[in-house]
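In this chain, residues are counted from 1 in sequence order.
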Amino acid sequence: MSAVTTTVPVVSPRASTEVRRRRRLSPGRRLPAARLVGPLLLLALWAAASAAGRLDPAAIPAPWTVVRTGAHLWTAGTLPTDILTSLQRAASGFAIGLGAGVLLALAAGLSRTGEALIDGTVNLNRAIPTLGLIPLFILWLGIGESFKVAIIAIVVYIPIYLNTHAALAGIDHRYVELAEVQGLSRFAFVRQIVIPGALPGFFVGLRLGVTGSWLGLVVLEQINATSGLGYLMFQAQNYGQSDVILVGLVVYGVFGLVSDSAVRLVERRVLSWRRTLSS
């Protein structure tokens, strides 16, 4: 029988050092539920300070007091109704803002004429405080739901437009030349080059738009509203019910965190082909 020899690859010390250096530069493996560590730590500090008597219960109630108040509002039927109303307003404004932001970004990013007509106007709109438009929109649309949805749509479409348009403008021109050489149609060019190139910026704008819809809703629901989480908090302010105000803030925070996490999850799935620090 012939002897079988096994060759063991030899790794030079320099190569090993380079590998270790690369590993040190990387942020490391993603931790499960890492985004909950910060909020849970904040909750623990809040509970500890309340238990130690470091916080004034009239100004900042303890977490267990807020939980009891939220449970009472839920069983009474007040909280579910206000949550549903707020979700409907946020969803309507977000849908309109999302569609407007994407369409305007495509029109401005794929056409010089569109860019001349749209980009300056959007940046002018961005320079005007959106909440400062509330009195004017009330005169135009009345004090009903229309002006609230319109303001939310403006808050949403601006970051989506800006980030999507910036991503479109940042597409390497060599890809455009390659598409022309390959004889791609306009539709194929948009599908194969424009959309993949714009998706990273689009998702950044989408996350900002989702957060903006909740931030705008907090203010809008305290103006001529008869329902919603903002209205609930405004009424609680009049009666000095800080626990009810904290219930509303917690619900807003949970909705904001959940919606942002959902967008990040979709982003990782859609852009799974990218190799980035976050992946």
Side-chain angles (χ1 to χ4, degrees), residues 22 25-27 30 35 89-128 130 133 149-216 256-279:
R22 286 199 298 270
L25 293 176
S26 173
R30 182 184 299 274
R35 302 191 70 206
R89 288 171 179 156
S92 300
F94 179 78
I96 296 173
L98 173 62
V102 172
L103 291 178
L104 290 175
L106 289 175
L110 299 178
S111 170
R112 295 300 184 188
T113 302
E115 184 177 25
L117 295 174
I118 296 171
D119 192 59
T121 306
V122 174
N123 280 279
L124 177 63
N125 189 3
R126 180 173 66 95
I128 299 174
T130 305
L133 298 173
V149 173
I151 293 295
I152 293 173
I154 293 175
V155 172
V156 170
Y157 100 89
I158 290 177
I160 291 178
Y161 168 84
L162 291 176
N163 287 277
T164 306
H165 181 263
L168 288 172
I171 294 177
D172 196 324
H173 193 269
R174 287 174 295 182
Y175 292 116
V176 181
E177 296 174 347
L178 179 62
E180 293 173 349
V181 171
Q182 295 294 325
L184 293 182
S185 64
R186 188 72 171 180
F187 176 78
F189 169 70
V190 171
R191 182 173 59 86
Q192 298 180 22
I193 295 178
V194 172
I195 293 180
L199 279 178
F202 165 75
F203 277 110
V204 173
L206 188 62
R207 291 181 59 195
L208 294 174
V210 169
T211 305
S213 65
W214 294 114
L215 294 177
L257 182 62
V258 170
S259 56
D260 183 72
S261 299
V263 174
R264 288 167 65 96
L265 178 62
V266 174
E267 179 184 11
R268 284 199 298 268
R269 295 290 179 86
V270 174
L271 302 180
S272 59
W273 48 270
R274 293 196 310 167
R275 301 298 299 172
T276 62
L277 285 177
S278 63
S279 61

Looking at [X] and [Y], what are the two nearest heavy atoms and their distance?
X: His165; Y: Gly109; result: CD2-N, 3.8 Å
X: Gly209; Y: Val156; result: O-CG2, 3.5 Å
X: Ser259; Y: Gly256; result: OG-O, 3.0 Å

Could you walk me through whether Leu162 and Asn123 pass the side chain to side chain contact (heavy atoms under 4.5 Å, CB included) test, one step at a time? CA-CA 8 Å; Leu162 291 176; Asn123 280 279; 3.9 Å; yes
Under the side chain to side chain contact (heavy atoms under 4.5 Å, CB included) rule, collect the residues that match up with [X], sequence neighbours excluded.
X: Ala150; answer: Phe137, Leu141
X: Ala90; answer: Trp214, Leu217
X: Thr211; answer: Leu215
X: Leu265; answer: Arg268, Arg269

Full working for side chain to side chain contact (heavy atoms under 4.5 Å, CB included) between Tyr157 and Ile152: CA-CA 9 Å; Tyr157 100 89; Ile152 293 173; over 6 Å; no
To the closest 0.5 Å, what do you measure between [atom1] ([X]) and [atom2] ([Y])?
X: Ile154; Y: Ile151; atom1: CD1; atom2: CD1; value: 5.0 Å
X: Arg264; Y: Leu206; atom1: CZ; atom2: CG; value: 12.5 Å
X: Thr164; Y: Leu106; atom1: OG1; atom2: CG; value: 7.5 Å

So which pairs with a foot in residues 89-99 pass side chain to side chain donor-acceptor pair (under 3.5 Å), sequence neighbours left out? Arg89-Glu145, Arg89-Glu221
Would you give me the side-chain donor-acceptor pairs under 3.5 Å for residues 167-174, sequence neighbours excluded?
from   : atom 1 : to     : atom 2 : distance (Å)
Asp172 : OD1    : Arg174 : N      : 2.9
Asp172 : OD1    : Arg174 : NE     : 3.2
Asp172 : OD2    : Arg174 : NE     : 3.0
Asp172 : OD2    : Arg174 : NH2    : 2.6
His173 : ND1    : Glu177 : OE2    : 3.3

Could you list all the salt bridge (Lys or Arg N to Asp or Glu O under 4.0 Å) pairs where at least one residue sits in residues 117-128, not counting sequence neighbours? none
The criterion is side-chain hydrogen bond (donor to acceptor under 3.5 Å, both in side chains); which residues satisfy it with Ser261, sequence neighbours excluded? Arg35
All N/O donor-acceptor pairs, side-chain side in residues 182-202, below 3.5 Å, sequence neighbours left out:
from   : atom 1 : to     : atom 2 : distance (Å)
Ser185 : OG     : Ala188 : N      : 3.2
Arg186 : NH2    : Leu110 : O      : 3.0

Contacts of Arg112 meeting salt bridge (Lys or Arg N to Asp or Glu O under 4.0 Å) (sequence neighbours excluded), chain-then-number -> Glu115
Might you work through the side chain to side chain contact (heavy atoms under 4.5 Å, CB included) test for Tyr161 and Val102, ending with a clear yes or no? CA-CA 6 Å; Tyr161 168 84; Val102 172; over 6 Å; no
Is Ser213 reaching over with its side chain to a backbone N or O of Val210, donor-acceptor style, under 3.5 angstrom? yes
Sidechain-backbone polar pair: Asn163 side chain, Pro159 backbone, donor-acceptor under 3.5 Å: yes
